[in-house]
Structure formats: C-alpha cells, structure tokens
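The chains referred to below are lettered A, B, ... by the order of the sequence lines, with proteins before strands, and numbering in each begins at 1.
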Amino acid sequence: MAGAAESTVVREDTSTYEAVAGLTVGLAAILFFLGLAATVDIVSVTGTLAGLGTLTALGLLLVVMGLAVVAFGLASYRGIFPTDPRASAGLVAATLFSGLWFLVGALVGSETLGLGFGGGLAVGLLVGAVGFAATALPREDIGSTLPAGALAVLFGLVFLLGVVGPEWSWSPASFPDSQSVTFFARTIAPFAVILSALVVGWAAAKAYGGFGARGRHLGAYLLVYLNAIAIIAVLVALVAFVVVKGFAPVTESVTVGLGVGPATTIALFGFSYEVVWPVNWPFLMNGASLFTDVTGVFPAIVGTAWLVVGAVLLAVPLGVGAAIFLTEYAEQGRFTRVVEVATNALWSTPSIVFGLFGAAFLVPRFTPQPQKSLLAGMITLGFMLLPLVVITSREAMIAVPDEYRDASAALGVSKWQTIRSVVVPAAMPGVVTGVILGVGRIAGETAPLLLTMGGGSFVGAGQRAKVLDSFQLSLSPPFVTNPELTQATTALPYQLYQVVLTGTGETAGVTDITAFGWGTALVLLAVVLLFYAVGIATRQYFRSKLTYE
Amino acid sequence: MSETEPVTNGTERPAETTAGETDERTREAWREYEFAGETKLAVEDLDVYYGDDHALKRVSMDIPEESVTALVGPSGCGKSTFLRCLNRMNDRIGTARIDGSVELDGQEVYQDGVDLVELRKQVGMVFQAPNPFPKSIRDNITYGPRQHGDIDTGLLARLTGRDDSEAADRLVERALRQAALWDEVEDRLDDNAMGLSGGQQQRLCLARCLAVDPEVILMDEPASALDPIATAKIEDLVEELAEEYTVVVVTHNMQQAARISDQTAVFLTGGELVEYDDTGKIFEDPESQRVEDYVSGKFG
Ligand SMILES: Nc1ncnc2c1ncn2[C@@H]1O[C@H](COP(=O)(O)OP(=O)(O)OP(=O)(O)O)[C@@H](O)[C@H]1O
Ligand SMILES: [Mg+2]
C-alpha cells in the first residue's frame with residue numbers, strides 16, 4: 001500500500017481497522033433493534049438473552065462496544081491506521097454530547113449522590129461542560145469516539161453491575177407525591193440501550209469511514225437509516241397489532257362455496273333477479289341480530305361508505321372550484337391571503353366543532369322533527385373535508401408552470417378553456433392526493449357523527465342505509481326524494497366507540513365485546529385502506545397521462 | 001375607434017433622443033425606406049418598461065406581409081420583449097407597462113375592446129424555451145384547433161357522427177411534416193410530449209403553432225437547439241411560409257438571418273432599434289458603425 005496509498009479515488013481493500021469498525025456498526029444496529037424490541041416486550045427485560053439475563057447481556061455488549069469505539073479513536077490518533085480526521089468533531093456533535101452528559105451528570109448528582117435539585121444541576125452542568133470540551137476541543141477522531149464510547153461503557157456498567165437490574169424501579173422524590181410517578185427498568189432500560197446504540201453506532205460509522213467528510217457522511221447515513229427503519233417498524237407494529245387482535249373475530253365462521261352466502265335481489269326494469277353470493281362472511285355481511293350466530297358490522301360498513309362518498313361528492317367540486325377562482329381569477333393579494341389563512345384555520349378546527357355546527361344547522365333542517373340523519377353526517381363531513389381540498393388543489397394549481405398557460409394563451413385559447421384542459425389536468429394528481437389524505441381523516445371521524453348522524457351501537461342488517469334503493473321520483477318538487485338519507489344510521493368508528501363505551505353486547509348476541517371492538521377496528525382500517533387504494537389508482541391514472549411512460 | 005389614443009406619429013417628432021446624433025440621422029434615413037409589399041404590422045413609438053427597467057426604447061418599424069423579418073441583437077437587448085408586444089403576450093407579465101402603438105392590418109392592437117383570443121389566433125408565437133403541454137404529441141398539435149372548435153373528436157361528436165378524427169390526423173401529419181418532426185415521431189403520436197428531446201420539443205411547439213394557421217408567425221430562436229440538418233429544414237420552412245404568411249424570426253445566428261430574411265432589424269443593448277433595412281443592405285453596407293461592428297462579429 002506504499003505507493004498508491006494516497007490515491008483517494010480508488011479505495012484499497014478493506015483494512016483490519018475497517019473490518020472491525022464495520023463489525024461494530026453492525027453490532028450497534030443489532031443492539032438498536034434489540035432495544036426497540038424491548039420497548040414493546042418482544043424481548044423481555046426480565047427474561048434472558050443468550051443464556052444471560054437480558055440486561056446483563058445488553059450491558060456486556062455495550063461495554064465491549066464502547067471500549068472498541070474508544071480504541072478506534074486512539075488507534076486513529078496514534079496514526080496506527082491511516083484516517084483523515086478534521087481538527088474538531090464540530091459544534092453540533094459537541095452540543096448534543098454536552099446535553100447527554102448533562103442529563104447523566106444531573107441524574108447521578110441528584111439521585112445517586114443524593115445532592116438534591118441544586119446539587120444535581122451543578123454536577124450536570126459540570127459534566128455537560130466536560131462532555132462539550134471533550135467533543136469540541138480534541139481532534140475529530142478523539143472528539144467523536146471518546147464521549148460516545150464513555151457513555152456506552154457507563155450505561156453498560158450500570159446494567160452489568162446490577163445497579164439497574166430487571167426489578168429496579170425508581171420513584172423520583174422530587175415529585176410532590178412520590179407515588180405518582182414510577183419508572184421501571186422495563187420502561188427505562190430499552191431507551192437507554194437505543195440511545196447508546198445510536199451513539200456508539202454513529203462513532204463506529206465515522207471510524208469506519210476514516211473520519212473526515214466520508215466518516216461524517218457514513219455517521220449521518222447510519223442515524224438517518226436507523227431512524228427510518230425504526231419509524232417503519234413502529235407503524236408496521238401498530239397495524240400488525242390491530243390485525244392480530246381483530247383477525248379472529250372478523251374471520252369467524254367464514255365459509256366459501258356455491259350458494260352459502262346471503263341473497264341479494266337486483267331489480268332491473270321490473271324484473272328482479274336473486275343473486276346468491278358464493279361466500280358467507282358473517283362479520284362483514286351480517287348485522288346485529290339474536291337469530292344469527294355471528295353478529296356483524298355490515299350496516300356500519302355501508303354507513304361509512306356512504307358517508308365518505310357523500311362527503312367527497314360535496315367537497316371536491318366545491319373545493320376545486322374555489323381553488324380555481326383563488327388561483328386563476330382572484331387578484332393575488334390581501335384577499336387571497338386572508339382566504340388562505342382562514343382555510344388553513346378551518347382545516348385545523350376540531351371536528352367536534354363541525355359536529356356542533358351540524359347539530360345546530362343541519363339536524364333540524366330535513367325533517368319535520370329535528371332528526372339526526374345520514375345526510376346531516378355527509379354534509380358535516382363534507383364541510384370538514386372542504387378546506388383540505390381547497391388547500392391542496394390550490395397548491396397543485398400554483399405548481400402548474402406558467403409556461404403552459406402562456407403556451408395556451410399564445411394559441412388563442414381563452415382562459416377558462418386553458419384552465420379546463422391544461423391547468424386542471426396538470427393539477428389533478430395533487431388534488432387527488434388531498435382527497436386521499438382527507439378521506440383518511442373523515443372516514444375515522446367519530447365526534448361529529450355523534451352529534452349529527454347518531455344511530456345505535458348494534459344495528460340490524462335490515463336497517464342499513466339502503467340509499468340506492470330508496471330514490472323516489474315524483475312530479476312535484478323536489479322531484480327526487482330519498483327517505484334513507486334522512487334516517488339515522490351507523491358508521492364504523494361510531495359503532496366502535498359505542499361498543500367500547502357500553503361494554504355489553506348480550507342483547508345483540510355478542511359475547512366478547514373487546515374482540516368485537518378489535519374486529520370493527522380492523523374492518524375500519526381495511527375500509528380506509530380500500531379508499532386509499534382507489535385514490536392512489538386514480539392519482540396514478542392522472543399522473544400517467546402527464547408524464548412520459 | 002380607439003379610446004386609448006396611441007402616441008402620434010414619430011415623423012414629426014423632434015430629433016433629440018437618447019441615441020447619438022449620427023444614429024438619429026441613420027434612423028430617419030431607413031425610416032424613409034419603402035419595403036415591397038403591404039404593411040402587415042406597423043409598430044409606432046413602442047416603449048416597454050418592466051417596473052423601472054426601460055426595456056424597449058421608442059421602437060418604430062413596419063413589418064411587411066409575405067416576407068421574413070429577422071430580429072438580431074445581443075442577449076438582453078429586448079428582442080423577445082418586442083416579439084411579445086406584437087401579440088400582447090407582455091400583458092401577462094404583471095410588471096410590464098407598454099406605451100405606443102402596434103397596428104395589425106391597420107387596426108390598433110393596443111386599444112380597449114381588442115379580443116386577445118382572436119388577436120393571438122392571428123398572431124401565433126413560438127417561444128424561446130420549448131413549452132409543450134404534458135399531453136400526447138397528437139393532443140399537443142390538435143390542442144389549438146380543438147379549443148377553437150375547428151375540429152371535434154370528442155365523445156359526443158363520435159356518437160353523433162360528426163367526428164373529425166380524419167381531419168385531425170391529416171392536420172397532425174401536415175403540421176409535423178412542416179416542422180420536420182414527422183419522421184421521428186410518426187409511430188409514437190400518442191406518447192407524452194414530455195418524453196421528446198429538447199430539439200424535438202422545439203419543433204413540436206412550432207408544429208403546434210402552425211396547426212392553428214395564424215397569419216403572422218412570431219418565432220423566438222426556433223432553431224437554437226437543433227442540429228444543422230433540422231435547422232436547414234426549419235429555414236426552408238420559414239422561407240416557404242413567407243410566401244403566404246408574415247414571419248418574424250429572432251435569431252442569434254447572423255448567417256441564418258442573412259440566409260432566410262428579407263429585412264433585418266438590429267437591436268442593440270439598451271433596447272434600441274438601431275437599424276432596420278433590407279437584409280442585404282444591413283449585412284453589406286449598414287448605415288451605422290455599431291451595426292457593422294455587430295453583424296461582422298466585432299462586438300455583441
Ligand atoms: N418578465 C420580465 N420581468 C422583468 N424584466 C424582464 C422580463 N423579461 C425581460 N426582462 C428584461 O428586459 C430586457 C430584455 O429582455 P428580452 O428577453 O427581451 O431580451 P432578448 O433580446 O430576448 O435576449 P435573449 O437573446 O437573451 O433572449 C432584459 O434586460 C430583461 O432583464
Ligand atoms: Mg429572448
């Protein structure tokens with residue numbers, strides 16, 4: 001490696017140093033995920049890991065890795081391996097480390113040494129300052145590794161020596177009522193492990209890259225990467241939890257075969273055909289009834305579907321129209337800015353306020369006696385959706401390049417035609433994105449439905465909202481009526497709330513009310529995902545027309 | 001007929017201007033010059049300001065019909081600005097203020113009651129930067145005629161048997177052939193135009209403009225991104241178009257201006273029209289020393 005050693009364009013084969021550092025990075029990642037798993041009890045803090053107590057094993061790993069990281073720094077400092085460190089690890093790293101070390105110092109000072117609040121603060125500040133100096137003042141290789149390694153070794157020793165054992169708990173005396181807050185090892189230890197894993201992993205990644213620009217890049221990359229994976233893992237865990245809990249109740253006594261399902265009557269031109277479904281899926285197809293084995297949520301699914309459809313039909317044309325006016329016609333200035341602020345405020349308005357509005361203005365409006373109804377629910381949710389549609393449509397239209405408008409104008413095409421055939425199609429993917437986001441929110445809304453749509457917690461299949469069948473034509477105004485729209489009905493989130501609230505389901509033949517609740521939640525999730533899928537397919541369709549291939 | 005009376009004719013104007021004394025004399029000299037053919041566009045004392053920036057200074061020139069007029073000059077001297085005045089595209093720039101008069105076939109363009117849609121149908125424009133729509137190649141070409149109602153290929157038209165698909169196909173082919181693009185895109189007319197190369201997009205925009213069949217065609221550097229062969233085809237097209245239409249071309253290529261144009265206008269930095277004459281005269285024996293220096297490449 002003598003002659004070409006200076007070449008930085010072609011990197012030489014992996015050195016021992018790099019191999020060990022790489023191994024440490026890998027271990028840190030594993031430690032990170034172990035910590036993550038421990039937060040949700042997949043790895044038990046009180047159990048064992050590789051033959052040792054979990055905390056002992058994690059502590060051992062931390063100590064070893066902490067020492068290794070410090071060794072990398074020293075080896076680089078002594079020039080045993082060729083690295084490219086800068087003069088200092090930098091202000092950002094120093095600030096973060098001083099914060100971490102301040103916490104450590106403050107906790108040790110006030111709790112372990114029993115110096116109280118003031119003493120803890122003093123010790124914390126002192127230790128924090130030392131941490132800052134140790135990071136900022138030495139050369140980068142020492143500054144990045146020493147504070148990181150020391151932190152990991154400290155945490156490791158705390159676990160290894162049993163200072164914090166599996167049964168450890170801590171009730172801070174400084175709280176007014178000392179019993180009010182208690183930290184258990186189960187809660188604290190995983191976070192300590194995750195934190196130290198990130199810190200050592202970062203330092204090891206820097207060492208692996210030989211510090212300098214490449215080392216910084218790798219260090220940052222590791223942090224961003226682990227962060228992204230952790231977020232995805234948490235999201236997946238959330239959904240998986242609902243699926244696991246809800247799977248059994250939802251799939252109870254599903255049968256597949258010719259003629260096993262319920263019969264649907266389709267009436268066309270006076271003839272009526274009866275179609276028998278080849279699947280019987282009681283939880284999805286039944287309503288509440290004492291005469292069926294499995295109580296289902298069919299009416300609530302129908303209710304949610306109608307609510308979303310109604311709200312979208314109301315909000316999209318109005319919202320897109322308003323966005324067109326605001327973007328293309330209105331003079332950009334004070335007026336549009338005020339409208340913009342107002343729309344944003346409206347979108348962040350709590351949904352119960354919309355519910356109250358619906359209860360006050362919509363509920364008494366459609367029937368002789370004030371009555372909660374599907375129509376009132378649709379309109380309320382539509383108004384909730386409206387601001388988001390306006391905001392996203394407007395943003396999408398502003399993002400349409402002016403070159404398109406110029407090109408169209410230069411061809412002698414009027415403004416409205418330009419909007420219709422160039423601007424709106426180009427903005428369509430953005431509009432759909434807004435609707436997708438909004439539908440996710442309104443499909444899960446409970447509060448406004450409480451006040452505007454009502455309905456029971458268990459609803460029989462016969463009482464579902466038969467909107468399509470109920471349109472009635474007449475020769476006198478309003479020509480079309482639909483009594484179903486003015487009836488109360490139920491929806492999935494609303495039913496979930498009612499079921500969990502009342503806690504009993506014997507009258508409807510439900511024995512395990514919690515399982516029923518999880519089942520409803522799973523179905524709600526699936527319905528929302530279904531709407532998402534439709535939305536994303538629609539967006540893809542519009543997008544494919546705008547781009548090449 | 002005009003409410004906003006344009007500034008009156010510059011011939012009676014006193015001679016003091018920002019330009020030097022000699023330039024003023026040459027200006028008066030070429031102003032006397034009579035071009036062959038009827039005047040299509042008469043520009044009189046045109047001033048354009050962008051905010052406080054005086055981008056075009058008292059420009060007057062008559063553009064004869066059925067000929068090619070080239071606009072040359074250094075970058076930033078106001079050629080595109082001048083072009084945009086002719087079909088009032090500058091109205092779309094919020095900060096732009098326009099003084100003076102432009103007459104199309106003797107009718108004032110800058111007066112109240114002018115139908116901008118109609119004006120721009122007659123005075124088409126190809127922009128300096130290609131700006132195809134994010135639609136298929138076919139839809140780009142037929143866009144203008146469809147919006148004008150000249151061809152209808154919509155669902156209703158197809159159902160009622162008034163379908164113009166064949167006419168549309170012929171139009172697409174003719175426009176693309178004129179713009180020397182047909183051979184390259186013949187079998188992907190339904191692909192999105194965003195997938196074309198920069199030079200192809202430039203020719204597509206030209207074809208899109210031709211499809212509307214304007215009387216005046218304004219081209220802002222139509223060949224800036226083209227190879228010599230495509231450039232030659234565009235030049236042929238320009239000369240061909242000039243038999244029927246009025247063509248105004250901005251170009252940075254002096255040889256091109258000399259090859260294709262009948263008369264040439266030289267703008268110099270500061271937004272002045274320094275000389276406007278027969279192309280042969282401009283390139284062989286210009287009145288102004290600055291023009292001679294510019295066209296022979298001595299300064300720019
Ligand atoms: N939209 C605008 N807003 C403000 N100033 C502008 C605008 N368009 C052009 N200008 C200014 O007007 C002057 C003339 O610009 P113009 O685009 O007409 O030049 P040009 O001769 O076409 O140059 P080029 O050969 O580089 O295309 C320039 O100084 C430019 O900065
Ligand atoms: Mg230009």
Quiz item: Do B:Pro132 and A:Tyr404 come close enough that some side-chain heavy atom pair is under 4.5 Å?
Solution: no
Quiz item: Closest heavy-atom contact between B:Arg120 and A:Ala409?
Solution: CD-O, 3.1 Å
Quiz item: Pick from A:Ala426, A:Ser421, A:Pro425: which one has the most heavy-atom pairs with chain B under 4.5 Å?
Solution: A:Ser421
Quiz item: Does any non-hydrogen side-chain atom of B:Lys135 lie less than 4.5 Å from one of A:Val422?
Solution: yes
Quiz item: Given side chains that start at C-beta, do those of A:Asp406 and B:Arg92 come closer than 4.5 Å, heavy atoms only?
Solution: yes
Quiz item: Taking atom CD1 of B:Ile93 and atom CG of A:Asp402, what is their separation to the nearest 0.5 Å?
Solution: 10.0 Å
Practice problem: Identify which part of B:Arg208 has an atom lying under 4.5 Å from any heavy atom of chain A, answering side chain, backbone, both or neither. | Solution: both
Quiz item: How many angstroms lie between atom OG of A:Ser414 and atom CG of B:Leu116, to the nearest 0.5 angstrom?
Solution: 11.5 Å
Quiz item: Any side-chain heavy-atom pair from B:Phe133 and A:Leu546 closer than 4.5 angstrom?
Solution: no
Quiz item: Taking every heavy-atom pair that is under 4.5 Å apart, which of A:Gln417, A:Lys545, A:Glu403, A:Arg420 has the most such pairs with chain B?
Solution: A:Gln417
Quiz item: Between B:Met194 and A:Thr547, is any pair of side-chain heavy atoms under 4.5 Å apart?
Solution: no
Self-check item: Closest heavy-atom pair and its distance - A:Val413, B:His148
Solution: CG2-NE2, 4.0 Å
Self-check item: Considering all heavy atoms, the nearest B:Tyr143-A:Leu411 contact
Solution: CD2-CD1, 3.8 Å
